[in-house]
There are 2 protein chains.
Amino acid sequence: MLNKSALVYDDLMQKIDQEVYELGTYLPSENQLCQLYGISRETGRKALGLLAENGYIQKIRGKGSLVIEHRQYEFPVSGIVSYKELAQKMHVTTENLVYSFESPVALPVQAFASLGGEVKPVPVTAIKRVRIIDGEPDIIDKDYILTSVVPDIPKRAAADSLYAYFEGELGLDIAYATKEITMEPANSEDREQLGLDKGAYMAVVRSVTSLADATAFQYTESRHRADKFRFRDFARRTK
Amino acid sequence: MLNKSALVYDDLMQKIDQEVYELGTYLPSENQLCQLYGISRETGRKALGLLAENGYIQKIRGKGSLVIEHRQYEFPVSGIVSYKELAQKMHVTTENLVYSFESPVALPVQAFASLGGEVKPVPVTAIKRVRIIDGEPDIIDKDYILTSVVPDIPKRAAADSLYAYFEGELGLDIAYATKEITMEPANSEDREQLGLDKGAYMAVVRSVTSLADATAFQYTESRHRADKFRFRDFARRTK
DNA sequence: AATATAAACTTGTTTAGACAAGTTGTCAAT
DNA sequence: ATTGACAACTTGTCTAAACAAGTTTATATT
C-alpha cells in the first residue's frame with residue numbers, strides 16, 4: 001500500500017500516458033484534485049511536483065498544470081531502472097548471456113575504497129554479461145557486488161535480473177546511484193564479445209549503486225556499442 | 001529575495017561544500033533546523049528534499065540526514081547550466097569563438113515543428129561557436145533561437161553568454177530542457193574546427209530548451225571531442 | 001467601443017499540528 | 001549478563017488554513 005500522493009501521481013501519470021489528459025491541455029486544478037481524490041491540497045501538490053520533476057507537466061502560476069511532451073522510455077542509462085524493467089516497457093526482446101561468474105573473489109574496486117585510503121582488495125561477486133537486443137549483442141555489463149552485503153547470488157538471478165533478486169527476494173532498499181558516461185576505444189574483450197572491428201568506439205557507463213542506509217554495494221561498468229547508444233535526459237533549470 | 005526554503009537550501013549546500021557539515025556526518029535534525037533558521041518543519045523539509053534530490057544527502061528515517069559523497073561539478077551537460085557558469089565553478093579558462101552568425105534566417109528545425117505536421121522553415125538566429133578550454137578547442141555549439149521569442153541577439157551576447165542575455169537582459173524565464181546524447185563520427189566541420197583526424201568520434205548533445213510558459217525557443221547541438229567528453233549523473237530509484 | 005475595476009479563479013509559500021514509523025539509549029526485571 | 005519495555009529521539013505523511021501573486025472573466029464606468 002503506497003501513500004496517497006504516490007497513488008495520485010501514478011494515476012495522473014497513467015492518464016497522461018493514455019492521453020486521458022492530452023498534450024497541451026491542463027490537468028484538473030489543485031482544488032479539483034482535492035475533491036476528485038479526497039485529499040488535501042498539499043498532498044495533491046506533492047504528486048504534481050513529482051510529475052513536473054519528471055517532465056510530464058509544466059506548472060504555470062495562475063493557469064494550471066500543462067501536459068508537455070514527455071520523453072519516451074529510453075535505453076539503459078536514465079535513472080535507475082533495471083534491464084528487465086526497460087525491456088518490458090520498450091517491447092524489445094532481450095537475452096542475457098552470463099559469460100563469467102566468480103564468487104567470492106577479492107578485487108580492488110575503487111568505488112568501494114574508503115576515502116583517501118589506498119584501494120584494498122575486497123570480497124565481491126563478479127559477473128560479466130552480454131546483453132543481446134533483438135538478436136544483436138550490443139552491451140557488456142560487468143557487475144561487482146559486495147559480499148558483505150549480498151553473501152550469495154544464485155546464477156539464475158544473474159541470468160534473470162539482479163535487481164529483482166536484490167529487491168524482491170533479499171528485500172534490499174536500493175536508493176540512488178551515481179553514473180559517469182565516457183567514450184572510449186573498444187578493447188579486445190569488447191570486440192570479441194560484441195563482434196566489432198578495430199577502431200570501434202564504446203560508450204562506457206560506470207555507476208555506483210547505494211542502499212537507503214547509504215552503503216555503496218554495487219559497482220557496474222556497462223559498455224555499449226557506440227552506434228547503438230542513446231541517452232535521454234530531462235532537466236529543470238535551478239535558480 | 002528568494003523564499004525561505006531556498007535560502008535554507010543554499011545555506012546548507014554551501015556548508016556541505018565547505019565541509020562545515022562533513023561527509024558521513026548528519027545534518028541538524030529537522031526540529032533543530034526549525035530553531036536554527038526560525039522556520040516551520042515543512043519549510044525545512046522542502047530544503048532537505050532538494051538536497052536529497054541533488055545528491056547532497058541521504059535521508060534515513062529514525063536517524064537523520066546523512067551527508068553523502070557529492071559529484072564535483074562536471075562538464076557541460078548535467079542539468080541546465082550555461083557555459084559561463086560552469087567555467088567559473090570549474091576554474092578553467094574558456095574562450096568562445098563565434099565563427100558563424102546568421103540573423104534572421106529561415107531554417108526547418110525539427111524541434112520547433114508542430115506535432116505531426118511537416119517541418120516548415122521558421123525564422124531563427126543561427127549561431128555557431130567553438131569552445132576553447134584551457135587553450136584547446138574541444139566543443140562546437142550550434143544554436144538556433146526562435147526569432148518570434150528573441151527578435152534580436154547582439155553579437156556580444158553570443159560571444160559572452162546567451163543565457164545571461166536571455167535571463168538577465170530580456171527577463172526570459174528558462175524552465176526546462178530535454179537532452180539527448182549520442183555518439184557519432186566526426187564530420188568535416190568538426191575536424192576542421194577542432195583539428196581532428198579522420199576516424200575521430202564525437203559525443204553529440206542535442207537539446208531543446210523551453211520557457212516557464214512551456215514554449216520551446218532554443219535548439220542546441222553541442223558536439224564534443226570524444227576523448228574529452230564526460231557526463232556525470234545522480235539518480236534516485238523511484239518505486 | 002474602450003477602459004478600468006473588481007471578483008473569481010489559478011498556483012506558490014508558509015505555518016502549526018497531528019499521527020505513523022524507524023532508531024537509540026535507559027532502566028527495570030529476570 | 002540478557003532480555004524486554006519504555007521513553008525520547010529521528011524522519012514520513014497528511015491535514016486545514018492563511019496569505020501572496022499571476023490569469024481570466026465579468027462588470028461597471030467612461
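Small disclaimer: the values here were computed from a predicted structure and weren't measured. Proteins get letters first, then strands, A, B, ... in listed order; numbering begins at 1 in each.
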Seminar exercise, completed: Per nearest nucleotide of DNA chain C, the residue lying toward the 5' end, B:I39 or A:E30, is A:E30
For this session: Using side-chain contact (heavy atoms from CB on, under 4.5 Å) as the criterion, list what pairs up with B:A106, not counting sequence neighbours.
Result: B:P121
Exercise. Between the side chains of A:Y9 and A:N54, is a donor N or O closer than 3.5 angstrom to an acceptor N or O?
Worked result: yes
Exercise. Could you give all pairs that pass the salt bridge (Lys or Arg N to Asp or Glu O under 4.0 Å) test and reach residues 204-221 of chain A, with sequence neighbours left out?
Worked result: A:E184-A:R206, A:R206-A:E221, A:E221-A:R223
For this session: Mind checking salt bridge (Lys or Arg N to Asp or Glu O under 4.0 Å) for B:K128 and listing every partner two or more places apart, or none if nothing turns up?
Result: B:E189
Exercise. What is the distance from OH of B:Y37 to C1' of C:dT15, rounded to the nearest Å?
Worked result: 19 Å
Problem set entry | DNA chain C-proximal residues of residues 42-49 of chain A, any heavy atom under 4.0 Å | A:E42, A:R45
Problem set entry | Outermost DNA chain D nucleotides near chain B [under 4.0 Å, heavy atoms] | D:dT10 to D:dC14
In residues 33-42 of chain A, what donor-acceptor pairs under 3.5 Å come from side-chain atoms, sequence neighbours left out?
{"from": "A:Y37", "atom 1": "OH", "to": "A:D11", "atom 2": "OD2", "distance (Å)": "2.5"}
{"from": "A:S40", "atom 1": "OG", "to": "A:T43", "atom 2": "OG1", "distance (Å)": "3.1"}
{"from": "A:R41", "atom 1": "NE", "to": "A:E30", "atom 2": "OE1", "distance (Å)": "2.7"}
{"from": "A:R41", "atom 1": "NH2", "to": "A:E30", "atom 2": "OE1", "distance (Å)": "3.0"}

If you look only at distance, which donor and acceptor atoms sit under 3.5 Å apart when one is on a side chain in residues 143-152 of chain A and the other is two or more places apart or in another chain?
{"from": "A:D143", "atom 1": "OD1", "to": "A:Q218", "atom 2": "NE2", "distance (Å)": "2.9"}
{"from": "A:D143", "atom 1": "OD1", "to": "A:T220", "atom 2": "OG1", "distance (Å)": "2.7"}
{"from": "A:D143", "atom 1": "OD2", "to": "A:R129", "atom 2": "NH2", "distance (Å)": "3.2"}
{"from": "A:T147", "atom 1": "OG1", "to": "A:P123", "atom 2": "O", "distance (Å)": "3.1"}
{"from": "A:T147", "atom 1": "OG1", "to": "A:V124", "atom 2": "N", "distance (Å)": "3.3"}

For this session: Sequence neighbours left out, what passes side-chain contact (heavy atoms from CB on, under 4.5 Å) with B:A159? Give chain and number order.
Result: B:V98
Seminar exercise, completed: salt bridge (Lys or Arg N to Asp or Glu O under 4.0 Å) filter on A:K63, not counting sequence neighbours, yields none
Seminar exercise, completed: Rounded to whole Å, the CG-C1' distance (B:D213 to C:dT11) equals 15 Å
Problem set entry | Qualifying side-chain hydrogen bond (donor to acceptor under 3.5 Å, both in side chains) pairs, either residue in residues 18-28 of chain B, two or more places apart | none
Exercise. Which whole-number value in Å describes the distance from A:K4 NZ to C:dA18 C1'?
Worked result: 13 Å
Seminar exercise, completed: When rounded to whole Å, the CG to C1' distance for the pair A:N31 and C:dA8 reads 12 Å
Exercise. Excluding sequence neighbours, so at least two apart, what forms salt bridge (Lys or Arg N to Asp or Glu O under 4.0 Å) with A:E102?
Worked result: none
Exercise. Looking at residues 57-67 of chain A, who's got a heavy atom less than 4.0 Å off DNA chain C?
Worked result: A:K59, A:I60, A:R61, A:G62, A:K63, A:G64
Exercise. Do B:K155's NZ or CZ and the ring of B:F101 fall within the cation-pi criteria of under 6.0 Å and 45°?
Worked result: yes
